[in-house]
Amino acid sequence: MGLIRTALFNWAFARHNGGSLVFRIEDTDASRDSEQAYQALLDGLRWLGLDWDEGPEVGGAYGPYRQSERGHLYADIAKRLLEAGELYEAYSTPEEVAERRRAAGQDPQLGYDNHDRYLTEQQRAELREQGRTPVLRLRMPDEDVTWHDLVRGEITFQAGTVPDPVLVRGNGDPLYTLTNPVDDALMDITHVLRGEDLLPSTPRQIALYRALTRIGVTTGRPEFGHLPYVTGEGNKKLSKRDPQSNLFHHRDRGFIPEGLLNYLALLGWSIADDRDVFTVDELVQAFDIRKVSANPARFDVKKAEAINATHLRALDVADFTERMLPYLIAAGVLDPYPSDSDLETLRAIAPMVQERVTVLSEAGPLVRFLFVDEAGFEPEESASSKALTSDALPLLDAAIAALEAMSAWRTEEIENTLKDALVERLGWRPRKAFTPIRVAVTGRTVSPPLFESMEILGRERSLARLRKARERAANAAA
RNA sequence: GCUCCCAUCGUCCAGCGGCCUAGGACUCCGCCCUUUCAAGGCGGCAACGCGGGUUCGAAUCCCGUUGGGAGCACCA
């Protein structure tokens with residue numbers, strides 16, 4: 001979810017500023033994992049309706065390049081950096097580094113000690129003769145590294161706290177530490193909005209940009225903005241490389257893109273202090289990266305649903321009906337190819353469903369009673385055991401008699417007839433009187449409005465269900 | 001351990017020195033409306049982690065502290 005939100009903010013930023021937009025998941029190994037993560041990201045963005053301008057080949061930005069011309073380009077740039085003294089050959093093994101740290105009474109976790117910076121040509125030759133192949137490390141600057149982060153303001157890493165990073169492996173393979181800034185430079189990336197986990201690697205990237213600038217590969221560097229995490233329950237990071245599992249889980253529950261987008265944007269950003277429902281256009285219109293909060297935000301399903309619900313209600317009914325359809329099919333309420341009459345029924349009930357659901361998957365249980373065939377209809381046990389008792393017998397009798405005598409089967413008449421028969425004549429409180437009727441007709445204690453439901457269900461089916469319920473109540477009495 | 005980030009109701013956001021006896025939203029709880037459930041309306045519970053400064057005045061600035069998080073590979 002964090003990845004998706006990062007993508008959303010990138011998108012909103014680019015659209016707001018009229019710039020072009022590139023998403024990258026970076027992986028020099030082009031592993032299956034990264035390919036899947038990348039595909040999942042793109043699929044998610046497509047579903048959300050977020051477009052982008054261009055992107056690297058599927059499979060990560062760097063894997064393919066290594067085997068192609070781009071690989072030579074990295075090698076060439078590395079060579080030039082080496083010749084300029086920005087990089088140096090380092091022969092120390094991790095074991096040797098740790099050993100030196102320990103010998104100096106330091107914590108080995110401090111990492112590389114920049115030891116090979118000071119090797120003489122003579123020493124290097126000797127190490128080479130031992131058959132060692134050097135990695136290439138970047139010489140970090142001796143002064144503090146400071147930048148103005150788009151979301152966090154000024155951030156400073158003290159000189160000497162970031163060890164010289166490896167940019168090229170012993171076997172000549174370029175590492176992410178090299179390829180990322182080089183690609184940004186070559187793609188003319190102006191703004192980098194990414195997760196805060198990349199924050200600690202920013203100083204060395206900035207150092208590299210400076211070196212690249214000095215050797216004339218690029219001028220300047222992008223602006224950085226490090227977005228906070230989205231957490232789940234507890235305070236742990238939510239879904240690292242797998243946006244799909246979460247995003248599509250929410251989609252399957254019946255979030256609509258408008259709702260999820262709105263909620264996600266709200267996580268760490270607000271459009272105004274008195275409003276939290278807005279459209280995607282409004283988001284783009286108002287988006288300001290500098291107003292994004294630096295605190296980690298917890299994904300609150302309840303609030304997400306509430307936002308989704310208001311977007312659901314804002315849909316026009318035809319649109320809502322169409323979007324609800326796949327969920328009803330998935331729930332087995334409707335056939336994959338519903339009949340015209342079923343569709344007509346659905347259109348009739350849709351407005352009442354629309355203001356009752358927070359996610360689309362809730363629609364199924366609400367409308368199921370309209371689509372089951374009569375023989376298969378059976379009220380839910382939990383509802384009927386409470387409502388269809390012997391007490392309900394006189395009520396059901398009166399209702400059936402009154403409804404049978406009715407001429408026009410319309411909501412208003414049904415309401416008047418039942419009120420007259422049950423409330424006026426039998427003296428039941430409305431609240432009590434209509435529960436058994438509701439359970440008899442819809443099978444549940446919670447349903448769309450009763451009289452409308454009965455009209456849509458039709459006279460015969462409604463009466464048949466009431467008679468069936470009466471039987472049950474009679475049995476309960478016996 | 002080292003470095004860096006973060007710190008306002010349970011949650012998200014507002015607040016960028018006086019408008020704050022801290023505002024909105026979600027959740028929760030009442031009440032109204034009501035044939036159920038919703039929706040809608042009204043109301044309520046609930047927070048500036050702590051300690052020092054700076055200032056006439058601090059939620060807002062500074063320092064410290066505590067707490068949380070992340071990163072520390074010849075991964076990305």
Side-chain angles (χ1 to χ4, degrees), chain A residues 25-29 31 33-34 37 60-62 90 93-94 106-112 133-137 149 151-152 155-158 160-163 165-173 175-177 179-180 195-203 226 228-229 231 233 235-237 241 263 266-277 291 293-307 309-310 313 352-358 362 366 383 387 415 418-419 422-423 428-435 437-439 442 444-453:
Chain A
I25 285 182
E26 301 166 331
D27 196 340
T28 53
D29 287 332
S31 65
D33 268 7
S34 65
Y62 309 111
T93 65
Q106 296 167 332
D107 189 339
Q109 286 192 41
L110 284 171
Y112 183 62
T133 51
V135 298
L136 265 28
R137 288 187 185 267
D149 195 271
V151 342
R152 282 152 211 272
I155 295 178
T156 298
F157 281 71
Q158 285 187 318
T161 59
V162 183
V166 175
L167 264 45
V168 180
R169 273 182 169 144
N171 67 6
D173 284 347
L175 258 18
Y176 163 83
T177 42
T179 58
N180 172 284
E196 68 171 303
D197 47 332
L198 274 313
L199 209 149
S201 69
T202 307
H226 290 90
Y229 286 119
T231 68
E233 282 312 311
N235 277 326
K236 275 176 292 175
K237 208 163 93 176
R241 302 206 74 179
Y263 177 67
L266 232 36
L267 234 44
W269 182 79
S270 73
I271 191 163
D273 58 4
D274 61 348
R275 190 157 77 105
D276 59 11
V277 175
K291 289 197 66 188
S293 157
N295 330 4
R298 182 168 305 185
F299 189 93
D300 181 353
V301 178
K302 279 272 180 38
K303 176 138 190 180
E305 285 178 354
I307 297 282
T310 81
R313 284 181 212 108
M352 286 163 275
V353 175
Q354 188 171 10
E355 62 170 30
R356 252 154 269 259
V357 297
T358 57
E362 289 169 0
L366 239 31
E415 177 172 0
L418 285 177
K419 275 186 174 163
L422 310 181
V423 180
W428 283 64
R429 302 176 58 94
R431 197 182 182 81
K432 288 278 183 191
F434 293 110
T435 299
I437 311 293
R438 181 182 305 281
V439 171
T442 70
R444 309 176 75 219
T445 51
V446 172
S447 77
L450 179 59
F451 312 122
E452 284 85 343
S453 295

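Since the structure is predicted, the reported quantities are computational estimates derived from the model, not experimental observations. In what follows, every chain begins at residue 1, and chains take the letters A, B, ... in the order their sequences are listed.
In this structure, the side chain of Y263(A) engages the main chain of D300(A) through a donor-acceptor pair within 3.5 Å. In this structure a side-chain-to-backbone donor-acceptor pair under 3.5 Å is missing from T445(A) to A383(A). No donor-acceptor pair closer than 3.5 Å links the side chain of E452(A) to the backbone N or O of P448(A). Judged by distance alone, with hydrogens and angles left aside, the side-chain atoms of E355(A) form no donor-acceptor pair with the main-chain N or O of R313(A) at under 3.5 Å.
The distance between atom NE2 of H226(A) and atom C1' of U3(B), rounded to the nearest whole Å, is 15 Å. For the pair L198(A) CG and C5(B) P, the interatomic distance rounds to 16 Å; values are reported in whole Å. One atom, CH2 of W269(A), and another, C1' of G24(B), lie 15 Å apart when rounded to the nearest Å. Following rounding to the nearest Å, E355(A) (CD) and A39(B) (P) show an atom-to-atom distance of 9 Å. When the P atom of U36(B) is taken as reference, atom CG of L418(A) falls 14 Å away, rounded to whole Å. Per the geometry, CZ belonging to F451(A) stands 9 Å off P belonging to U36(B), to the nearest Å. When the P atom of C4(B) is taken as reference, atom CG of N295(A) falls 20 Å away, rounded to whole Å. Across the protein-nucleic acid pair, D276(A) atom CG and C13(B) atom P stand 12 Å apart, rounded to whole Å.
When heavy atoms are screened at a 4.0 angstrom cut-off, Y263(A) is found touching no nucleic acid atom at all. Contacts of R313(A) with the nucleic acid, taken as non-hydrogen atoms under 4.0 Å apart, involve only primed sugar atoms and P, OP1 or OP2. Backbone-only engagement by G268(A) is indicated by non-hydrogen atom pairs under 4.0 Å involving sugar-phosphate atoms exclusively. The residue V135(A) sits close to a base: some heavy atom pair falls under 4.0 Å. Within the nucleic acid shown, E452(A) comes within 4.0 Å of at least one base atom, counting heavy atoms only. The residue L175(A) sits close only to the backbone: its heavy atoms come under 4.0 Å of sugar-phosphate atoms, none of a base. P228(A) comes within 4.0 angstrom of no nucleic acid atom, judged by non-hydrogen atoms across all strands. Among the heavy atoms of the strands, none lies under 4.0 Å from T435(A). As judged by a 4.0 angstrom heavy-atom cut-off over every strand, T358(A) is placed among residues making no nucleic acid contact. Within 4.0 Å of G111(A), counting heavy atoms only, lies no atom of the nucleic acid at all. T177(A) comes within contact range of no nucleotide atom at all, as no heavy-atom separation falls under 4.0 Å. Across all strands, R429(A) comes closer than 4.0 Å to no nucleic acid atom at all (heavy-atom distances).
A 3.5 Å limit on both hydrogen-bonding distances identifies no Watson-Crick or G-U partner for C48(B). The base-pairing partner of C9(B), taking Watson-Crick or G-U wobble contacts with both distances under 3.5 Å, does not exist among the strands shown. In this entry U21(B) has no Watson-Crick or G-U wobble partner, no candidate having both defining distances under 3.5 Å. Pairing for A14(B) is absent, with no Watson-Crick or G-U wobble pair whose two atom distances lie under 3.5 Å. The base-pairing partner of C2(B), taking Watson-Crick or G-U wobble contacts with both distances under 3.5 Å, is G71(B). G43(B) is paired with C29(B) under the criterion used here, namely a Watson-Crick or G-U wobble arrangement in which both key atom distances are under 3.5 Å.
Using P as the reference atom, G64(B) and G71(B) are 25 Å apart when rounded to the nearest Å. Nucleotides U60(B) and U8(B) are separated by 11 Å at their C1' atoms, to the nearest Å. Rounded to whole Å, the P atom of G24(B) lies 12 Å from the corresponding atom of C45(B). With C1' as the reference atom, G15(B) and G67(B) are 23 Å apart, rounded to whole Å. U54(B) and C61(B) have their C1' atoms separated by 8 Å, with the value rounded to a whole Å.
Contact annotation: K302(A) does not reach the phosphate of U11(B) (side-chain N/O to OP1 or OP2, under 4.0 Å). A sub-4.0 Å separation between OP1 or OP2 of C13(B) and a side-chain N or O of S293(A) is present. Regarding contacts with the backbone of A73(B), every side-chain N or O of R169(A) stays at 4.0 angstrom or more from both OP1 and OP2.
Checked against U3(B), C37(B), G1(B), the side chain of D107(A) finds its nearest nucleotide in G1(B). Among the nucleotides U35(B), C13(B), C6(B), the one closest to any side-chain atom of P449(A) is U35(B). When distances are taken from the side chain of S270(A) to each of U35(B), C6(B), C13(B), the shortest belongs to C13(B). Of all nucleotides listed (C13(B), G10(B), C72(B)), C72(B) comes nearest to the side chain of Q109(A). If you check U3(B), A38(B), G69(B) against the side chain of Y229(A), the one that comes closest is G69(B). Of the candidates U35(B), C74(B), A70(B), the closest approach to any side-chain atom of D197(A) belongs to A70(B). Distance from the side chain of A297(A) is smallest for C13(B) among the nucleotides C13(B), G24(B), C5(B). Side-chain proximity of V446(A) to the nucleotides C4(B), A70(B), C37(B) is greatest for C37(B). The side chain of D300(A) lies closest to U11(B) when the candidates are C6(B), C4(B), U11(B). If you check U35(B), C26(B), C5(B) against the side chain of A306(A), the one that comes closest is C26(B).
Taking each heavy atom of D197(A) and P200(A) in turn, the nearest pair found is O-CD, 3.3 Å. Contact record, H226(A) with D149(A): ND1-OD2, 2.6 Å, taken as the closest heavy-atom pair. In this structure, S293(A) and P228(A) approach most closely via the heavy-atom pair O-CG, 3.3 Å. Taking all atoms of both residues into account, the shortest heavy-atom contact from A297(A) to L267(A) is CB-CG, 3.7 Å. Residues I307(A) and D276(A) approach most closely at CD1-O, 3.6 Å, considering heavy atoms.
Between the base of U36(B) and the side chain of R438(A) there is a donor-acceptor pair shorter than 3.5 Å. The base of C37(B) sits with one of its N or O atoms less than 3.5 Å from a complementary donor or acceptor on the side chain of R356(A).
Residues L199(A) and P430(A) both approach RNA chain B. Their nearest nucleotides, taken by heavy-atom distance, put L199(A) toward the 5′ side. Position along RNA chain B of the nearest nucleotide to R431(A) versus V151(A) favours V151(A) as the more 5'-ward residue.
Counting heavy atoms from C-beta on, the side chains of E415(A) and F434(A) never come closer than 4.5 Å.
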